[in-house]
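Worksheet: one structure, shown below.
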Amino acid sequence: MANVNINEIEVNGTKITEVVMTNENDMRARVISWGATLCDLQTVDMFGNTADVIQGFDGMDSYLTRNPFFGSTVGRAAGRIVDGKLTIPGDPETYQLNNCDLQTLNANCHLHGGPVGFDKVNWHLEGHTVSDQGVAVAFSYKSPHLDQNYPGELSVTCTYTLTESNDLVIEFIAETSQDTICSLCNHAYFNLAGHDAGPEKMGEHIITLNSSSYLPTHEATAEARTHRLRGCYTGEELKVSDTPHDMRNGVSFKEVSEAMEKTYPGWIHGDCYIVDESPKKDDDLNLCGTLFHPSTGRLLTVTTTEPCTQIYFATLLDLADCKAGATYAPKSSFCIEPQRFADSVSAAPPSNPVKAAYNEKRGHTLLLKKGDTYRNKTVYSFSIQEPMSP
């Protein structure tokens, strides 16, 4: 039967709650209240060996001072909003969101909720439950009105559930005191060969995305290289067919990342993919994609309620003194981030009718009205699949 262990750790005067959940299959998840962050995720491979398959830190202080979103809860709005200019239907104000400058790439771009987003605050442990189905732990956070210059007081709950069937379920619920936007996600960096296995092993992974369309960004344009638009959407929605973006039938991490770099000069991040509708078993979950490492047999299947997913090839990651003293090099992990359509609420200039049309079509996915409830559920299912014989 699943069990849970709760500890309180003081770091530089801040009391952090640590929760360790374990199921009967020796799968283990460690989460902390700072940023409602997933720190460790240990799973068994086809040989019976256990490894931690997400990147992070050993020391709690690193999560407070230098975390590039390892396992963090991202919000209020995941993704980029160009110039940080937010408009709310029916609200005459244009809110200038706080911007951040991550490695100089986002100087005029609001990223993942701003410089003090939900990843950089201490959440409150609401409680936990243990049953025959698994163990769950819930954290809450109340974001005040004009926090990072977002309108409305936003009350959020994040629940992690580790099931006996080796699912890690992450659910978000939010309500607001006035109309605002909300798009939350978890930002775990996966390497199914082990957190410290490096770029070579990461390159062996097979990525499959259930997406026929994607949102192109301004990566390769001259204007984007000034950083104002880098990583922000053009407003187009393009088909993946006959492009490196087509991962519907599975492609290796190495192959697709190299094809992206060759085809799109200036490509460094990843892209946003529209999740195709798929047969649903329950909870309105669509298949988002899979990540498979043939040498270990570990298979990660991601299903979600969210309409799109941002993927990231960790191309900018270069960090020393991480878990077990590891150095995480570029392309040593992979992020799959189901969310709403980012940058569909920015103030689109009249001279850009394509972007204006995109905002009109997709902006409602981010809008959270007073009296409504935001709900978001993503399931990370782990299993073993032996490689097919050649």
Side-chain angles (χ1 to χ4, degrees), residues 2 4 6 17 19-23 27-41 54 69 71-79 112-113 117-119 121-143 154-176 180-188 190 275 278 280-289 300-310 335-341 365-366 368 372-382:
V4 61
I6 301 175
T17 304
V19 182
V20 179
M21 301 180 288
T22 308
N23 70 9
M27 186 172 172
R28 177 180 178 272
R30 180 170 69 98
V31 296
I32 60 173
S33 58
W34 186 264
T37 298
L38 176 65
C39 298
D40 301 335
L41 190 58
I54 62 171
F69 305 108
S72 299
T73 292
V74 169
R76 286 187 192 191
H112 291 337
F118 289 175
D119 61 301
V121 296
N122 200 21
W123 294 53
H124 173 69
L125 175 65
E126 287 290 331
H128 71 277
T129 59
V130 180
S131 68
D132 292 340
Q133 284 73 47
V135 57
V137 58
F139 296 97
S140 66
Y141 180 67
K142 185 169 287 187
S143 173
L154 191 72
S155 299
V156 188
T157 301
C158 170
T159 302
Y160 288 94
T161 303
L162 179 63
T163 74
E164 295 293 11
S165 55
N166 292 346
D167 296 334
L168 180 69
V169 184
I170 304 178
E171 297 177 87
F172 298 107
I173 296 175
E175 295 181 341
T176 181
T180 188
I181 64 169
C182 184
S183 177
L184 310 176
C185 77
N186 184 275
H187 205 296
F190 291 98
V275 177
S278 59
K280 300 177 181 65
K281 295 181 180 179
D282 58 67
D283 295 325
D284 292 325
L285 296 173
N286 283 308
L287 173 64
C288 180
L300 169 60
T301 301
V302 181
T303 53
T304 187
T305 56
E306 299 308 278
C308 63
T309 186
Q310 178 76 29
C335 302
I336 182 165
E337 310 160 39
Q339 57 190 256
R340 307 287 165 95
F341 290 92
T365 68
L366 271 76
L368 177 61
D372 291 347
T373 300
Y374 169 93
R375 298 182 187 276
N376 166 343
K377 180 177 181 178
T378 297
V379 181
Y380 301 86
S381 301
F382 288 85

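Reckoned from all heavy atoms, side chains included, excluding hydrogens, waters and symmetry mates.
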To the nearest 0.5 Å, what is the distance between CG on L368 and CD on E175? 8.0 Å
V4 versus V137: any side-chain heavy-atom pair under 4.5 Å? no
With a 3.5 Å cut-off and no angle check, do the side chains of R375 and T305 form a donor-acceptor pair? no
Atom SG in C182, atom CD1 in I173: separation rounded to 0.5 Å? 11.5 Å
Can you find a pair of side-chain heavy atoms, one from R28 and one from V20, that are under 4.5 Å apart? yes
Taking side-chain contact (heavy atoms from CB on, under 4.5 Å) as the criterion, tell me which of T161, I6, T159 meets it with H128. I6
List the atom of T309, the atom of P338, and the distance in Å for their closest heavy-atom pair. OG1-N, 3.4 Å
Is it true that the side chains of Y380 and N186 contain a donor and an acceptor less than 3.5 Å apart? no
Measure the CG-CD distance between N376 and E306 for me, rounded to the nearest 0.5 Å. 3.5 Å
Gap between atom CD1 of I54 and atom SG of C39 - 0.5 Å precision: 7.0 Å
Check the orientation of F69 and H112. Use parallel for under 30°, tilted for 30 to 60°, and perpendicular for over 60°. perpendicular
Relative to the ring of W123, is the ring of Y141 parallel (under 30°), tilted (30 to 60°) or perpendicular (over 60°)? tilted
Whether the T304 and T378 side chains hold a donor-acceptor pair (N or O, under 3.5 Å, no angle test) is what I'd like checked. yes
Determine whether the side chains of E126 and S140 contain a donor N or O and an acceptor N or O closer than 3.5 Å. yes
From I181 atom CD1 to T365 atom OG1, the distance as rounded to the nearest 0.5 Å: 9.5 Å
Rounded to the nearest 0.5 Å, how far apart are CG of L366 and CZ of R76? 12.5 Å
